[in-house]
Amino acid sequence: MPAGGFSASLAPPSGMEFEAKITPMVVTSCVTAATGGLMFGYDIGVSGGVTSMEDFQREFFPTVLRKRRENKGSNYCRYDNQGLQLFTSSLYLAGLVSTLFASYTTRRLGRRATMRIAGAFFIVGVIFNGAARNLGMLIVGRILLGCGVGFANQAIPLFLSEIAPTTIRGGLNSLFQINITVGILFANLVNYGTNRIHPWGWRLSLSLAGLPAVLFTLGALFMIDTPNSLIERGRQEEGKVVLKKIRGTDNVEPEFNEIVEASRVAHDIKNPFRSLLQRRNRPLLLITILLQMFQQLTGINAIMFYAPVLLTTLGFKTEASLYSAVITGAVNVLSTFVSMYTVDRVGRRMLLLDAGVQMFLSLVAIAVVMRTRVTDRSDHLGHDWAIMVVIIICNFVSSFAWSWGPLGWLIPSETFPLETRSAGQSVSVCTNLLFTSILAQVFLSMLCHLKSFIFVFFSICVAIMSLFVLFFLPETKNIPIEEMVERVWKQHWFWKRFMNDEGDNHVISEEETPPMVSLSDSFVE
Ligand code: BGC
């Protein structure tokens with residue numbers, strides 16, 4: 001067996017489809033788990049609206065309000081305030097630290113227990129935020145919510161990928177993203193309503209996060225754990241019973257054996273994080289890090305966090321900007337359903353590549369409108385141009401929603417073998433939250449200094465990531481989760497050289513140069 005190895009010891013790739021029905025238990029478990037996405041989404045969506053409310057600024061960020069009232073200096077710089085950005089980014093910073101602990105609990109205590117911990121963090125965090133009397137309480141509340149996000153985002157995508165039958169894994173996993181988008185939309189709607197309630201509308205916005213928090217926590221109390229996690233923790237019989245229930249058949253032996261084998265290998269691994277760095281795991285690690293980094297470098301959260309702020313920069317009134325954020329939020333939800341329907345049919349690569357083109361064009365268009373219509377001192381876009389901007393933003397959001405949004409979470413959660421799955425997922429969440437917090441922290445300053453060029457920057461990033469997908473991302477559609485290494489990574493024209501254990505001095509042979517580019521297929525021979 002290769003050192004620490006999963007490859008030789010795994011059963012040869014069966015290539016067979018395991019028997020599985022789409023049972024009510026799978027559907028309800030997945031729907032329940034995915035409600036954690038509601039909470040994440042609500043937290044993403046609520047901050048932009050709240051930070052643009054005058055009552056909130058008066059209470060916690062009076063200098064921002066003064067600057068806005070005085071209407072001095074560049075339009076692009078009105079909201080360039082580190083404290084304001086810290087309010088948004090603190091949640092993600094806390095999330096990224098907590099996910100390292102969450103990796104341990106997901107492996108040792110299970111996916112369900114990790115979700116329960118997340119629920120507890122959410123509820124206490126909401127109480128702090130809703131009752132905040134000063135900036136300190138506000139930030140503590142955000143940090144607790146961030147810990148909730150760290151634990152939830154660690155456990156939920158894994159839970160969904162493990163529990164779903166292979167052929168609809170992508171679709172079921174998209175439930176997480178659908179809930180994120182519904183959470184964002186709900187927050188946008190709440191902000192739109194509470195903006196009229198003075199002076200405590202912002203408090204209501206922050207407190208209503210309690211609804212998704214309670215929903216998720218109750219769900220986590222009654223949920224099952226995944227067979228993979230039960231078996232990994234030595235509860236084989238229980239794992240088999242759950243497997244039979246979720247697959248709706250007694251004929252689960254082949255899948256059960258595959259999980260048992262994966263779990264046996266997992267037990268040989270003492271330190272999963274160190275194991276991630278081994279040569280054969282590097283491609284998986286790299287893809288995970290890049291996918292999550294790229295997801296954020298599309299610039300999506302410049303829109304999700306700061307759409308209201310961005311739109312007021314462009315000359316919209318507060319109400320109009322909140323209203324437009326609701327429209328983009330709705331487009332976000334609807335478009336995610338496209339992904340749910342198509343991801344297991346056309347595959348992951350096709351969606352990412354298609355969206356790349358659409359997002360690139362939208363970003364360039366936003367940059368051009370900003371460059372030509374908004375100057376430092378005049379912020380009147382005019383009615384027609386304002387509508388145009390909202391349409392372009394919707395186009396951008398919609399293409400993100402059926403591609404990088406769900407797939408940034410799906411692919412890392414389905415790609416690692418069991419022994420490194422929790423650690424890999426932890427890296428995935430960490431990278432996502434790291435780049436989310438960096439963007440949350442620097443976007444308003446970048447807007448102030450780069451002005452419209454900030455969208456040129458994002459468009460260049462989208463071009464680079466699309467090329468990366470074209471050449472280096474393998475297709476994972478319809479491959480059983482415990483067969484990914486054998487059937488995907490070991491067959492890929494580039495990454496397969498990492499999969500043999502000898503090879504540090506591996507020389508690229510002619511047959512390993514990229515084959516003709518195909519949009520829908522991976523470079524799998
Ligand atoms: C991303 C978030 C983003 C959201 C938008 C998620 O997949 O991780 O950062 O705000 O999609 O819908």
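We count ligands from 1, going down the list as the structure has it; atoms in each ligand are counted the same way.
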- Query: Are the side chains of Leu407 and Gln295 in touch, meaning some heavy atoms are under 4.5 Å apart?
  - Reply: no

- Taking N or O atoms only and a 3.5 Å limit, does Gln177 qualify as a polar contact for ligand 1? yes

- Proximal ligand 1 atoms for Phe400, defined as those under 4.0 Å from one of its heavy atoms: 5 (C), 11 (O)

- Message: Just to confirm my output: which protein heavy-atom neighbour is closest to atom 10 (O) of ligand 1, and how far is it?
- Response: Asn301 OD1, 2.5 Å

- Item | Ser161 side-chain N/O to Leu158 backbone N/O, donor-acceptor pair under 3.5 Å | no

- Mind checking whether Gln296 has a heavy atom under 4.0 Å from ligand 1? yes

- Would you mind running through ligand 1 and noting each atom that sits below 4.0 Å from a heavy atom of Gln295? 1 (C), 6 (C), 7 (O), 8 (O)

- Note on the structure: Short version for Trp409: what comes under 4.0 Å of ligand 1, heavy atoms counted, is side chain

- Which atoms of ligand 1 have any heavy atom of Ile184 under 4.0 Å away? 5 (C), 12 (O)

- Task: Kindly indicate whether the side chain of Ile156, heavy atoms from C-beta on, has any atom under 4.5 Å from the side chain of Phe40.
- Result: no

- Message: Do Val46 and Val190 have side chains that approach each other closer than 4.5 Å (heavy atoms only, starting at C-beta)?
- Response: no

- Item | Salt bridge flag under 4.0 Å for residues Glu482 and Arg421 | yes

- Gly405-ligand 1 polar pair, N/O distance under 3.5 Å: yes

- Task: Just jot down the ligand 1 atoms closer than 4.0 angstrom to any heavy atom of Asn332, in number order.
- Result: 5 (C), 12 (O)

- Pull out every atom of ligand 1 sitting under 4.0 Å from any heavy atom of Thr181, numbered as shown with elements. 12 (O)

- Query: Does Trp404 have a heavy atom less than 4.0 Å from any atom of ligand 1?
  - Reply: no

- Message: How about CZ on Phe468, more than 12 heavy atoms from neighbouring residues, nucleotides or ligands closer than 6.0 Å, or not?
- Response: yes

- Query: Where on Thr336 is there a heavy atom closer than 4.0 Å to ligand 1, on the side chain, on the backbone, on both, or on neither?
  - Reply: neither

- Message: Before you tell me yes or no, could you show the steps for Leu444 and Asn81 under side chain to side chain contact (heavy atoms under 4.5 Å, CB included), namely the whole-Å CA-CA distance, both residues' side-chain angles and the distance that decides it to 0.1 Å?
- Response: CA-CA 8 Å; Leu444 295 179; Asn81 177 293; over 6 Å; no

- Query: Is the Lys NZ or Arg CZ of Arg112 less than 6.0 Å from the centre of Phe159's six-membered ring, within 45° of the axis?
  - Reply: no

